[in-house]
Amino acid sequence: MSKAFASQADLEEKQVSFTQLSDNAYAYTAEGDPNTGVIIGDDAVMVLDTQATPVMAQDVIRRIREVTDKPIKYVLMTHYHAVRVLGASAYGAEHIIASQDTRDLIVERGEQDKASEIGRFPRLFRNVESVPAGLTWPTITFSGRMTLWLGSLEVQLLQLGRGHTKGDTVAWLPQQKILFSGDLVEFDATPYAGDAYFKDWPQTLDNLAALQPQKLVPGRGAALTTPEAVQQGLAGTRHFIADVWANVQAGVAAGQDLNTVYKQTYAALKPKYGHWVIFDHCMPFDVTRCYDEATQYPDPRIWTAERDTQMWKTLEG
């Protein structure tokens, strides 16, 4: 293979930041690695996306304990990807919350996704042996919207449309106008779209923007702490998704095969987005999914470790 598979060559440790957005909201970020959100209510803490292993989650817990001793009662899975959920057991939460669509995806493809992602991201699954056998299962599911009251703090859990996956959930603090977007929004980081709905994603971003968030915690990248930065994060993600879709659609309309479409799309997008983290990792998965959606697969096909490596050899070999 001319390029190291996925993120296997990405071994450099990242600098962690724990950014306070309000008295109740914090963002755990690490230079483009997957983010974790923290909401501190009057009587309990909610953690949004857990890190990839229980050992890695301990660093999140340590930082939470620097600012509060309240119990961590809730974990929210914004979507089903293993890198977001396999650290959940570390928190000892009473409840793990997800959309019903996310639970359905875990049933359908959780085991394959787990094997696939561990193979793609060795550094992000540090101490992978600490992950319990099996999968992370929600104890509460909802469809559309759900409201939790952490004492006087209102936390709205919302499904605002399909994008990164069909189960995407955001957390919204309406009293403070703070949004935790999961991987629906990235900042200076390449959106992973291997399980995405390209046609739906831009409208879903418009639905996020309609909340008029003042601050936003993206799935990857720095916390966005001004309305201007929020707009930048939404626009950057929207432009990337639209640019992939436009290039792939043009190739499909011209009757080109996936390999040709991939090379042309990569070349077209690299000048604009090539500096974003995990660009080289994401592009083969993103273009493959987009080609599928533009041709014969309205819903994402399941990635397995075998399918991952076969696709990579075909496009990057």
Side-chain angles (χ1 to χ4, degrees), residues 18-29 35-51 57 60-80 84-85 87-104 106 136-161 163-185 204 207-219 223-225 227 230:
F18 194 57
T19 306
Q20 183 173 5
L21 303 177
S22 74
D23 287 346
N24 305 99
Y26 291 80
Y28 179 98
T29 66
N35 293 340
T36 293
V38 177
I39 298 172
I40 301 173
D42 297 338
D43 52 1
V45 178
M46 173 184 281
V47 171
L48 305 92
D49 294 331
T50 71
Q51 299 292 301
V60 181
I61 294 168
R62 180 176 66 81
R63 289 164 194 271
I64 292 171
R65 289 296 164 240
E66 288 172 357
V67 296
T68 183
D69 59 1
K70 292 169 186 170
I72 301 169
K73 285 191 179 177
Y74 304 101
V75 163
L76 174 71
M77 301 157 64
T78 65
H79 59 287
Y80 74 97
R84 299 292 181 180
V85 306
S89 62
Y91 298 92
E94 286 180 26
H95 293 293
I96 298 174
I97 305 171
S99 67
Q100 182 61 41
D101 288 323
T102 289
R103 190 184 189 282
D104 292 345
I106 297 169
T136 302
W137 291 100
T139 61
I140 296 174
T141 61
F142 71 97
S143 297
R145 67 179 294 146
M146 172 179 172
T147 300
L148 279 169
W149 291 91
L150 304 184
S152 61
L153 182 70
E154 182 179 1
V155 183
Q156 294 179 5
L157 308 181
L158 306 171
Q159 280 186 281
L160 295 174
H164 179 67
T165 72
K166 80 169 182 180
D168 294 328
T169 298
V170 304
W172 172 236
L173 304 183
Q175 295 151 322
Q176 301 176 5
K177 297 270 189 190
I178 297 173
L179 183 67
F180 297 81
S181 71
D183 280 328
L184 280 169
V185 182
T204 301
N207 297 342
L208 265 62
L211 295 170
Q212 299 184 305
Q214 305 290 300
K215 299 176 182 179
L216 186 149
V217 180
L224 307 176
T225 58
V230 171

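Because the structure is predicted, anything quoted here is derived from the model rather than measured.
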Would you indicate whether the side-chain heavy atoms of [Y] and [X] approach each other to under 4.5 Å?
X: Tyr91; Y: Val60; result: yes
X: Leu184; Y: Val170; result: yes
X: Thr147; Y: Leu157; result: no
X: Ile97; Y: Tyr74; result: yes
X: Phe18; Y: Val38; result: yes
X: Tyr28; Y: Asn35; result: no
X: Glu154; Y: Gln175; result: yes
X: Arg103; Y: Trp137; result: yes

Sequence neighbours excluded, which residues qualify as side chain to side chain contact (heavy atoms under 4.5 Å, CB included) partners of Arg65?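 With neighbours one apart ignored, the set is Ile61, Thr68, Ile72.
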Let me know which of [options] forms a side chain to side chain contact (heavy atoms under 4.5 Å, CB included) with [X].
X: Val85; options: Thr136, Val75, Thr102; result: Thr136
X: Val155; options: Asn24, Leu76, Ile39; result: Ile39
X: Tyr26; options: Val67, Val45, Thr19; result: Val67

Specify the closest pair of heavy atoms between [X] and [Y], including all atoms of both residues, with the distance to one decimal.
X: Ala223; Y: Thr29; answer: N-CG2, 4.1 Å
X: Gly219; Y: Arg84; answer: O-NH2, 2.8 Å
X: Pro213; Y: Val230; answer: CG-CG1, 3.8 Å
X: Ser181; Y: Pro218; answer: OG-CA, 3.4 Å
X: Ala171; Y: Leu48; answer: CB-CD2, 3.2 Å
X: Leu153; Y: Gly41; answer: CD2-CA, 4.1 Å

Would you compute the distance between atom [atom1] of [X] and atom [atom2] of [Y] and round it to the nearest 0.5 angstrom?
X: Asp101; Y: Ile106; atom1: CG; atom2: CD1; answer: 11.0 Å
X: Leu173; Y: Gln214; atom1: CG; atom2: CD; answer: 12.5 Å
X: Lys73; Y: Leu150; atom1: NZ; atom2: CG; answer: 9.0 Å
X: Asp168; Y: Leu160; atom1: CG; atom2: CG; answer: 9.5 Å
X: Asp183; Y: Thr165; atom1: CG; atom2: OG1; answer: 9.0 Å
X: Thr141; Y: Ile96; atom1: OG1; atom2: CD1; answer: 12.5 Å

Residues that Asp49 engages under salt bridge (Lys or Arg N to Asp or Glu O under 4.0 Å), provided they are two or more places apart: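 Per chain and number, Asp49 pairs via salt bridge (Lys or Arg N to Asp or Glu O under 4.0 Å) with no residue.
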Is the side chain of Thr78 donor-acceptor paired with the backbone N or O of Gly182 at a distance under 3.5 Å, no angle test? no
Pairing donors with acceptors under 3.5 angstrom, does anything connect the side chains of Ser143 and Gln100?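 No donor-acceptor contact under 3.5 Å links the two side chains.
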What I want to check is whether the side chains of Thr169 and Gln159 have a donor and an acceptor closer together than 3.5 Å. no
More than 12 heavy atoms from other groups under 6.0 Å of CD on Gln212: no
Side chain to side chain contact (heavy atoms under 4.5 Å, CB included) between Leu21 and Val217: does it pass, once the steps are laid out? CA-CA 9 Å; Leu21 303 177; Val217 180; 3.3 Å; yes
So if I apply the side chain to side chain donor-acceptor pair (under 3.5 Å) rule between Ser22 and each of Lys215, Lys177, Gln176, which one comes out positive? Gln176
